[in-house]
Number of protein chains: 2
Amino acid sequence: MTRRDYGQYCGLARALEIVGERWAMLIVRDLLVRPLRYTDLVESLPGIPTNVLATRLKELEQAGVVERRLAPAPKRGVLYALTAAGVDLQPALLALGRWGAGQMGEPQPGDIVRPELMTITFRAAFDAEAASGLHATWEVHVADVVLHLVVADGDLVSGVGPAPREPDLVITFRPDGPPSFRALIRAARLGEVALTGRAELLDPFLRVFSLVPVTRDVIAAPRGG
Amino acid sequence: MTRRDYGQYCGLARALEIVGERWAMLIVRDLLVRPLRYTDLVESLPGIPTNVLATRLKELEQAGVVERRLAPAPKRGVLYALTAAGVDLQPALLALGRWGAGQMGEPQPGDIVRPELMTITFRAAFDAEAASGLHATWEVHVADVVLHLVVADGDLVSGVGPAPREPDLVITFRPDGPPSFRALIRAARLGEVALTGRAELLDPFLRVFSLVPVTRDVIAAPRGG
DNA sequence: CCGAATCCGCAGTGATACTG
DNA sequence: CAGTATCACTGCGGATTCGG
């Protein structure tokens with residue numbers, strides 16, 4: 001058994017053999033936002049050694065999670081993107097992120113906070129049930145970054161950049177401290193964000209993106225056998 | 001930043017700092033079946049160095065994921081069990097397991113297959129929608145291990161040992177090869193399992209525990225910003 | 001500039017032996 | 001049963017260098 005091989009016939013063990021190494025899941029997370037070039041990843045993952053990044057990208061490509069693409073016209077080069085199997089990691093990744101969010105306190109001084117990642121946090125926080133019957137497009141402006149959120153009856157599309165069509169409401173957040181999702185929600189609750197458009201869509205926004213603790217599954221009571 | 005610290009304010013990064021180290025998730029997986037003693041874990045995780053196990057247990061205890069308990073009367077000693085926060089990892093762990101299951105082929109010679117883990121696989125495979133309105137108790141006998149499954153209208157309780165009440169149907173599987181979940185389902189589909197009780201509950205069993213690929217989330221199309 | 005490869009020191013891991 | 005102790009090894013962190 002190689003170092004990374006667990007030697008068990010188990011889906012979880014298999015998953016960890018593929019994306020369980022250090023930095024691997026964070027690479028997938030960043031690529032869930034959009035395809036990135038090598039150098040984007042380097043600055044997007046503060047502290048990652050370049051040799052480790054290169055190794056992970058090869059391993060993930062080998063495993064069919066990531067694929068190399070040629071970047072389109074203006075800037076030639078390589079783009080790293082998720083394959084379908086890579087995108088399929090999203091539910092697991094969001095679930096892990098939700099759990100971790102519950103284990104987090106306030107941002108520590110020195111913690112990196114990148115507003116682009118809110119794209120993913122919005123997906124993790126999205127409450128499909130609360131959004132049933134709702135149709136709305138928001139744009140969130142935070143720290144020079146523009147995000148868009150399109151909710152259509154229980155479905156969410158979130159990404160960086162302006163909305164594909166005129167947004168119903170633009171929420172502009174000028175944070176004092178780190179531009180985190182929490183800080184945004186806090187400010188929005190307190191009315192400390194600027195609104196442009198249909199301001200009545202702020203309440204649905206807060207209801208649909210709440211990131212409350214997930215309901216706890218019941219574990220079977222131990223019992224002799 | 002310490003070695004295991006990612007220095008990012010991100011739920012996923014935080015989660016990986018806690019349960020991202022090698023073997024950690026597999027320890028949590030085994031404790032989701034039932035509390036175990038140190039030596040149970042050693043044989044339950046083939047190949048784990050005992051010093052690594054001891055280190056992980058301390059780290060997970062420190063992080064509030066695992067707690068030490070005193071074992072009850074007949075056999076004194078230490079039991080390791082999940083805290084509420086540890087149990088909360090289950091949705092993420094099952095999601096990762098489902099993804100990994102889709103990346104798996106047939107068991108390799110040398111792969112360990114432990115039927116107790118089917119407890120977890122049943123939870124991962126459980127289709128709550130397909131189970132709505134269904135009330136049934138199954139017992140699965142496979143390779144000297146007894147598992148129970150209690151479905152009550154969209155809810156599942158699965159564990160090792162006999163069912164808490166008389167099971168509606170007992171499914172006995174005597175595998176030729178490795179006693180995996182896949183092999184069980186395959187055998188059940190082909191009628192190669194022994195049934196005791198209400199045999200008409202085999203079909204619901206197969207509908208509710210299928211482990212089909214999850215529906216793929218749509219990723220936002222890349223767009224300039 | 002992009003996309004790495006290379007080198008070094010060290011921390012985390014694997015394997016085994018040993019102990020209260 | 002429930003862990004420590006020891007030691008070789010490998011992967012990681014950090015920095016530098018290199019080719020297109």
Side-chain angles (χ1 to χ4, degrees), chain A residues 1-8 13 16-27 30-31 35-63 66-81 110 112, chain B residues 1-8 13 16-27 30-31 35-63 66-81 110 112:
Chain A
M1 120 173 166
T2 73
R3 173 179 142 53
R4 71 186 309 165
D5 208 351
Y6 284 110
Q8 304 180 214
L16 293 174
E17 286 165 7
I18 299 174
V19 292
E21 306 289 289
R22 195 158 161 75
W23 295 104
M25 283 284 246
L26 298 183
I27 293 172
D30 283 10
L31 295 182
L36 295 172
R37 30 181 88 245
Y38 186 88
T39 38
D40 295 333
L41 284 164
V42 169
E43 56 180 303
S44 172
L45 299 166
I48 191 172
T50 61
N51 56 350
V52 171
L53 176 56
T55 304
R56 289 292 168 276
L57 287 171
K58 267 180 222 151
E59 290 165 350
L60 292 173
E61 190 186 353
Q62 169 77 20
V66 158
E67 64 184 9
R68 290 167 55 107
R69 290 186 195 160
L70 294 180
K75 293 192 168 192
R76 295 186 321 273
V78 183
L79 270 185
Y80 289 93
I112 305 286
Chain B
M1 117 173 170
T2 73
R3 175 174 149 59
R4 72 185 309 163
D5 207 351
Y6 285 109
Q8 303 180 213
L16 293 173
E17 286 165 6
I18 299 174
V19 292
E21 307 289 290
R22 195 159 161 76
W23 295 103
M25 284 285 245
L26 297 183
I27 294 172
D30 283 10
L31 294 181
L36 294 172
R37 21 181 97 244
Y38 186 88
T39 38
D40 295 333
L41 283 165
V42 169
E43 56 179 301
S44 172
L45 298 167
I48 191 173
T50 60
N51 56 348
V52 171
L53 176 57
T55 305
R56 289 291 170 277
L57 287 171
K58 268 179 222 153
E59 290 165 349
L60 292 173
E61 190 186 353
Q62 168 77 19
V66 158
E67 65 184 10
R68 290 167 54 106
R69 288 185 196 161
L70 294 179
K75 293 193 168 191
R76 293 185 320 274
V78 183
L79 270 185
Y80 289 93
I112 305 285

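In what follows, chains carry the letters A, B, and so on, assigned in the order in which the sequence lines appear, proteins first and then strands, with residues in each chain numbered from 1. Every value quoted in this text rests on a predicted model; they were computed, and no experiment measured them.
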Distance, nearest 0.5 Å, that separates [atom1] of [X] from [atom2] of [Y]:
{"X": "B:L36", "Y": "B:L79", "atom1": "CG", "atom2": "CG", "value": "8.0 Å"}
{"X": "B:L41", "Y": "B:I48", "atom1": "CG", "atom2": "CD1", "value": "7.5 Å"}
{"X": "A:L26", "Y": "A:L53", "atom1": "CG", "atom2": "CG", "value": "11.5 Å"}

Anything under 3.5 Å between a protein N or O and an N or O of nucleotides 18-20 of chain D, put it in a table, one pair a line.
none

Check: Which heavy atom of B:L60 sits nearest a heavy atom of B:A24, and at what distance?
Finding: CD1-O, 4.3 Å
Note to self: Minimum heavy-atom separation for B:M25 and B:V19, please, with both atom names.
What the structure shows: CG-O, 3.4 Å
Protein-nucleotide distance ([X], atom [atom1]; [N], atom [atom2]), rounded to Å:
{"X": "B:L53", "N": "D:dC1", "atom1": "CG", "atom2": "P", "value": "14 Å"}
{"X": "B:L36", "N": "D:dC1", "atom1": "CG", "atom2": "C1'", "value": "14 Å"}
{"X": "B:E61", "N": "D:dA2", "atom1": "CD", "atom2": "P", "value": "14 Å"}
{"X": "A:I48", "N": "D:dG11", "atom1": "CD1", "atom2": "P", "value": "16 Å"}
{"X": "A:I27", "N": "D:dC12", "atom1": "CD1", "atom2": "C1'", "value": "13 Å"}
{"X": "A:E21", "N": "C:dG12", "atom1": "CD", "atom2": "P", "value": "15 Å"}
{"X": "B:E17", "N": "C:dG12", "atom1": "CD", "atom2": "P", "value": "13 Å"}
{"X": "B:R37", "N": "D:dG3", "atom1": "CZ", "atom2": "C1'", "value": "14 Å"}

Notebook entry, point to check: side-chain hydrogen bond (donor to acceptor under 3.5 Å, both in side chains) with B:Y80: which residues, sequence neighbours excluded?
Noted result: B:R68
Item checked: Partners passing salt bridge (Lys or Arg N to Asp or Glu O under 4.0 Å) against A:E67 (at least two apart in sequence or in another chain) -> A:R69
Next item on the list: With sequence neighbours left out, write down each residue that passes side chain to side chain contact (heavy atoms under 4.5 Å, CB included) with A:A54, or none if nothing qualifies.
Entry: A:Y38
Next item on the list: Would you confirm whether A:Y6, through its side chain, and B:W23, through its main-chain N or O, come within 3.5 Å as a donor-acceptor pair?
Entry: yes
Next item on the list: Scan A:R76 against the nucleic acid and name what it touches under 4.0 Å (heavy atoms): base, sugar-phosphate only, or nothing.
Entry: nothing
Check: Hey, does the side chain of B:R22 come within less than 4.0 Å of D:dG11's phosphate (OP1/OP2), counting only N and O?
Finding: no
Check: Phosphate oxygens OP1/OP2 of C:dG14: is one of them under 4.0 Å from a side-chain N or O of B:W23?
Finding: yes
Next item on the list: Using a 4.5 Å cut-off on heavy atoms from C-beta on, say whether the side chain of B:Q8 contacts that of A:L45.
Entry: yes
Check: Bend across the helix from C:dC1-D:dG20 to C:dG20-D:dC1, to 10°, with axes taken over 5 pairs at each end?
Finding: 30°
Notebook entry, point to check: In the 5'-to-3' direction, what one-character label does each nucleotide of nucleotides 4-9 of chain C receive under the scheme B = base within less than 4.0 Å of a protein heavy atom, S = sugar-phosphate only, - = no such atom?
Noted result: BBBB--
Margin query: Can you pull out every side-chain hydrogen bond (donor to acceptor under 3.5 Å, both in side chains) where at least one residue sits in residues 46-58 of chain A? Sequence neighbours excluded, please.
Written below: A:R56-A:E59
